[in-house]
Colleague: 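Below: one structure in structure tokens.
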Amino acid sequence: MERLQKVIANSGVTSRRKAEELIKKGHVKVDGKVVYEMGVKVDNRSVIEVDGKELEREEKVYYILNKPRGVVTTTSDDKHRKTVVDIIDDKRRIYPVGRLDYDTTGLLLLTNDGEFANYMMHPKNEIDKVYVAKVEGVATGSNIVPLKKGINLDGVIVKATRCKLRSVDNEAKTSILEITIHDGKNHQVKRMLDAVYLPVIKLKRERIAFLTLKGLKSGEYRKLTKKEVSQLYNLVNVKNK
Ligand code: URA
């Protein structure tokens, strides 16, 4: 669900501020009824009319990107660094779903569908986000158990729903861990691994739900297929039943 004024502004009819004025003055109908209040939420199926003319909703697009290192996950950067949106050749107002750090690589979704972005990010929807971390230290069960039990990050308990030790390099004293989470707090995986004395050297997101990076080299992207988008929506609908 998205705010009515945002949907009107995104359709290119007018700015957000003018959209608010149009609503206040009774120019806007949702599903046949005039709406005067701000903040009314609409979804992709709501019929919105401005002065009797049905709003053409921007076609929804969904991209999967293999994010390279050294790119910011935002739509614009005040330090003029390259952003993930710069990589995608699409003039629409697309934005990243969640965040990967500047030095984190791997699977990132981008879209102009706010409802989809919210669905994918909300922890209650339990969408798997699977990361592979190279860490300093030889990891053992005593590091991994607390990750699954829960780690306190600034007063909030976060858990790895799965955590697997992929390999250990006893000489270099490093380990490779696979860790699955459902939430997406800032620097969450790095902070969780720091808390169990395994500082992250390298981090990559390899999977979101059933989506993998198969066929995508670093910096490459493709559109999700209609089937993939509906499968992702279905995952959420099934969980919410
Ligand atoms: N957790 C992190 O610490 N960094 C990321 O980029 C993603 C998850």
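Both counts, for ligands and for their atoms, begin at 1 and track the order of listing.
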Colleague: Report the residue from Leu193, Val132, Asn143, Val196 that forms a side-chain contact (heavy atoms from CB on, under 4.5 Å) with Leu177.
Modeller: Leu193

Colleague: Can you list every protein residue that has a heavy atom under 4.0 Å from any atom of ligand 1, sorted by chain and residue number?
Modeller: Leu100, Asp101, Thr104, Tyr131, His187, Gln188, Val189, Lys190, Leu203

Colleague: Could you check whether any side-chain N or O of Lys67 sits under 3.5 Å from a backbone N or O of Asp101, counting only pairs where one atom can act as donor and the other as acceptor?
Modeller: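 Side chain of Lys67 to backbone of Asp101, a donor-acceptor pair under 3.5 Å: yes, one is there.
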
Colleague: Taking Val30 as the fixed residue, which of Leu55, Val47, Val42 is the one that meets the side-chain contact (heavy atoms from CB on, under 4.5 Å) rule?
Modeller: Val42

Colleague: Keeping Thr104 on the side-chain end and Lys204 on the backbone end, is there a donor-acceptor pair under 3.5 Å?
Modeller: no

Colleague: Among all residues two or more places apart in sequence or in another chain, which pass the side chain to side chain donor-acceptor pair (under 3.5 Å) test with Asp86?
Modeller: Thr83

Colleague: Using a distance-only test with no angle check, is there a side-chain donor-acceptor pair under 3.5 angstrom linking Asp113 and Tyr233?
Modeller: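 Short answer, yes.
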
